[in-house]
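Every value quoted in this text rests on a predicted model; they were computed, and no experiment measured them. Just follow the structure's listing: the first ligand is 1, and inside any ligand the first atom is 1.
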Amino acid sequence: MITDRQLFLSYLAQTSESPIGIEVERAEGIYVFSPDGKKYMDLISGISVSNTGHRHPKVIEAIRQQLDRYLHLMVYGEYIQSPQVKLAAKLAEVLPPELQSTYFVNSGSEAVEGALKLSKRFTGRHKIVSYRNAYHGGTHGSLSIMGDETLKKPFYPLLPDIIQIELNDSEGLEKITNECACVIIEPIQGEAGIFASTPEYLKALRERCTETGALLIFDEIQSGFGRTGQLFAFQGYDVIPDILVLAKGMGGGLPIGAFISSREIMSSLSHDPILGHITTFGGNPVCCAASLANLNVILEEKLAEQVKGKSGLFRELLSGLPGVLDYRSSGLLIAVELKDFNSVKKVIDLNLEKGVITDWFLFNSSSIRIAPPLTITNQEITSACSIIAESIKQAV
Ligand code: PMP
């Protein structure tokens with residue numbers, strides 16, 4: 001009999017020579033189960049997706065109810081679909097008055113594309129400012145603004161006139177001029193290995209954007225939906241973007257993204273030309289129903305409010321260990337820096353053997369990534385950290 005592993009290797013397009021390769025039978029809460037009976041504690045959440053855990057019962061129930069009503073009906077923006085409009089209204093309720101109009105898409109990359117197009121259309125400009133070591137997705141536009149050459153170079157030519165600046169370097173702000181359509185920033189850089197903007201920097205950036213008329217875009221695809229201890233990371237700063245970009249933790253495990261702006265800015269997508277952004281599946285009713293339930297769970301279970309304490313416990317248990325050279329966290333986005341990639345790889349492999357899923361970062365080869373479901377308990381953190389500590393001791 002051909003195994004799923006053989007089918008995976010034969011027929012699934014591979015993007016690496018060493019995929020993690022866990023075979024999954026079922027996932028529940030913070031646990032992933034393989035067919036051989038092994039149970040893994042998932043400290044990655046499908047890369048910051050399963051913030052409410054795998055298969056949260058309320059998310060599953062919302063999906064079930066929507067399955068009995070309708071699936072896809074029409075391309076985005078034409079029919080009135082209850083899950084879509086209720087989700088947009090809920091997002092408006094938890095966001096400030098500047099961010100009341102939501103465009104639903106399918107993924108983080110598409111949300112970034114939408115935000116870039118919106119800012120070009122609204123300002124009539126085309127220069128874009130982004131950051132070194134930033135990650136914004138895998139499509140041509142989002143690749144163009146990526147802050148790392150290795151993943152970009154083979155795909156040139158990309159978008160012209162991209163200006164890259166350095167996080168928290170206020171001198172770089174001079175490069176934002178009245179020729180720029182937008183500045184796109186991850187308030188907490190994820191793939192760079194968890195580097196947070198300083199409050200002073202974000203404030204100065206906001207001022208510079210307002211001064212020059214460049215729209216300020218926050219990519220909160222990784223930092224959103226409670227992960228940093230606020231519902232959205234920008235709420236921990238006294239700064240509001242012109243466009244907020246979301247995905248990952250938005251869908252409770254189903255694919256959905258969004259770019260959100262003011263009614264005024266967003267209205268530029270409806271004329272000259274009409275249909276300024278088109279998507280067939282964006283705002284899929286099942287995904288929206290799941291997303292609304294997921295957001296309600298985050299709010300009702302006060303998951304964001306618990307992040308600070310849980311993050312502190314991780315720090316207490318891991319940051320001082322021998323071999324740990326640096327420890328950075330923004331809520332439950334955590335980077336544990338070791339000597340080099342060899343040590344990182346060893347620790348990740350040892351963790352996996354012992355049933356704990358951790359991962360690496362795209363642009364930081366010497367750090368281990370930890371981003372568990374926000375539902376993880378203190379007891380689970382304690383037992384996960386004792387395994388990680390043992391792996392670090394063995395590897396370093
Ligand atoms: N922006 C950020 C900050 C991300 O972390 C990611 C995904 N890692 C993306 C954009 C792209 O999202 P997607 O993979 O859903 O296209």
A.B. asks: Salt bridge or not between Arg26 and Glu28? Use side-chain N to carboxylate O under 4.0 Å.
C.D. replies: yes
A.B. asks: Which residue pairs satisfy the ring pair (Phe, Tyr, Trp, His ring centres under 6.0 Å) criterion with at least one member in residues 177-208, sequence neighbours excluded?
C.D. replies: none
A.B. asks: Between Glu211 and Arg208, does any NZ, NE, NH1 or NH2 come within less than 4.0 Å of an OD or OE carboxylate oxygen?
C.D. replies: yes
A.B. asks: Just jot down the side chain to side chain donor-acceptor pair (under 3.5 Å) partners of Glu316, sequence neighbours excluded, or say none.
C.D. replies: none
A.B. asks: Side-chain atoms of residues 170-179: list all donor-acceptor pairs with protein atoms under 3.5 Å, sequence neighbours left out, distances to 0.1 Å.
C.D. replies:
unit_1	atom_1	unit_2	atom_2	d
Thr177	OG1	Glu179	N	3.1
Glu179	OE1	Lys127	NZ	2.7

A.B. asks: Determine, for Asp68 against Arg64, whether the closest basic-nitrogen to carboxylate-oxygen distance falls under 4.0 angstrom.
C.D. replies: no
A.B. asks: Present, as a list of atom pairs with distances to 0.1 Å, all nitrogen or oxygen contacts under 3.5 Å between ligand 1 and the protein.
C.D. replies:
unit_1	atom_1	unit_2	atom_2	d
ligand 1	1 (N)	Tyr135	O	3.4
ligand 1	1 (N)	Asp219	OD1	3.4
ligand 1	1 (N)	Asp219	OD2	2.7
ligand 1	5 (O)	Gln222	NE2	2.6
ligand 1	8 (N)	Lys248	NZ	3.1
ligand 1	15 (O)	Gly108	N	2.8
ligand 1	16 (O)	Ser109	N	2.7
ligand 1	16 (O)	Ser109	OG	2.6

